[in-house]
Amino acid sequence: MVNQVKKGGDGLRLQVTKPARKAGLVEENTDGEPIRLASVYVYGFDDLLLVVNQTVDMGHRADLISTVAQSTESMHGGYPATIAEAGNGYQVNLPGAGDAGFRVGDKAPVVPTDGMLLIHNGTQRELIERILTLREEQVSS
């Protein structure tokens with residue numbers, strides 16, 4: 001199921017429980033209680049958001065951002081954000097998401113990869129595949 005963008009106290013938010021776990025942005029104990037929630041940066045581009053763990057190597061991050069910026073011919077900033085507990089799971093704050101074209105109620109598929117989430121509106125599939133390949137190469141080298 002694809003979650004919808006919601007209005008939060010200070011901006012937009014998205015429920016990302018399963019993808020955040022897959023990306024390693026959440027660490028839980030054996031009872032399923034969070035013991036670590038990642039601090040992240042949210043980078044906005046037209047119709048695409050990269051949510052990147054602050055622990056991702058700066059050079060790797062620069063390669064990812066550069067690739068997306070060149071492909072979309074856009075960049076709407078990068079902002080610190082948090083993964084937070086919400087209901088029975090986790091959500092991510094999305095500063096700058098409005099500039100990237102996301103609105104309350106939009107369906108926002110989330111693709112997890114090591115240390116990051118790609119949030120899109122369904123129009124960037126080819127670019128997402130390219131980013132996943134790049135990230136896989138970064139992690140394996």
**OP:** Answer yes if the side chains of Ser71 and Arg130 hold a donor-acceptor pair under 3.5 Å, and no otherwise.
**Re:**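 The criterion, which ignores hydrogens and geometry beyond distance, is satisfied for Arg130 and Ser71.
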Subject >> Any side-chain donor near an acceptor of the partner, Thr82 and Asn93, under 3.5 Å >> reply: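 Note: Thr82 and Asn93 side chains meet the donor-acceptor criterion.
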Original post:
Looking at Thr67, Val40, Leu118, Val56, which hits side chain to side chain contact (heavy atoms under 4.5 Å, CB included) with Leu50?
Top reply: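 That would be Leu118; it is the only one of Thr67, Val40, Leu118, Val56 passing the side chain to side chain contact (heavy atoms under 4.5 Å, CB included) with Leu50.
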Original post:
Under the criterion side chain to side chain contact (heavy atoms under 4.5 Å, CB included), which of Asn121, Ile128, Thr123 is the partner of Leu48?
Top reply: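 Of the listed residues Asn121, Ile128, Thr123, the side chain to side chain contact (heavy atoms under 4.5 Å, CB included) partner of Leu48 is Ile128.
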Can you hop from [X] to [Y] via hydrophobic side chains spaced under 4.5 Å?
X: Leu132; Y: Leu25; value: no
X: Val26; Y: Val52; value: no
X: Met75; Y: Leu127; value: yes
X: Val104; Y: Ile119; value: yes
X: Val111; Y: Leu134; value: yes

Original post:
Are any side-chain N or O atoms of Ser66 and backbone N or O atoms of Ala62, one a donor and one an acceptor, separated by less than 3.5 Å?
Top reply: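 No.
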Original post:
Is there a donor-acceptor contact under 3.5 Å from the side chain of Arg61 to the main chain of Gln54?
Top reply: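 It does hold such a pair.
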Original post:
With sequence neighbours left out, what residues match Lys107 under side chain to side chain contact (heavy atoms under 4.5 Å, CB included)?
Top reply: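 Lys107 satisfies side chain to side chain contact (heavy atoms under 4.5 Å, CB included) with Val2, Gln4 once adjacent residues are dropped.
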Subject >> Non-neighbouring partners of Asp31 that pass side chain to side chain contact (heavy atoms under 4.5 Å, CB included), sequence neighbours left out >> reply: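 Asn29, Glu33.
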Counting C-beta onward and ignoring hydrogens, is there a side-chain heavy-atom pair between [X] and [Y] closer than 4.5 Å?
X: Glu28; Y: Ile35; result: no
X: Glu136; Y: Thr113; result: no
X: Gln124; Y: Phe45; result: no
X: Tyr41; Y: Met116; result: no
X: Tyr43; Y: His76; result: no
X: Gln138; Y: Asp63; result: yes
X: Val68; Y: Ile131; result: yes

Enter the distance from [X]:[atom1] to [Y]:[atom2] here, rounded to the nearest 0.5 Å.
X: Gln70; Y: Ile65; atom1: CD; atom2: CD1; result: 12.0 Å
X: Tyr90; Y: Glu85; atom1: OH; atom2: CD; result: 6.0 Å
X: Lys22; Y: Asp114; atom1: NZ; atom2: CG; result: 13.5 Å
X: Leu94; Y: Asp99; atom1: CG; atom2: CG; result: 12.0 Å
X: Gln15; Y: Gln91; atom1: CD; atom2: CD; result: 5.5 Å
X: Leu64; Y: Asp57; atom1: CG; atom2: CG; result: 10.0 Å

Original post:
For the residue pair Ser39 and Asn53, what are the closest heavy atoms and their distance?
Top reply: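 Ser39 and Asn53 have their closest heavy atoms at O-OD1, 3.4 Å.
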**OP:** List the steps, then state whether side chain to side chain contact (heavy atoms under 4.5 Å, CB included) holds for Arg135 with His60.
**Re:** CA-CA 8 Å; Arg135 185 66 184 137; His60 290 176; 3.5 Å; yes
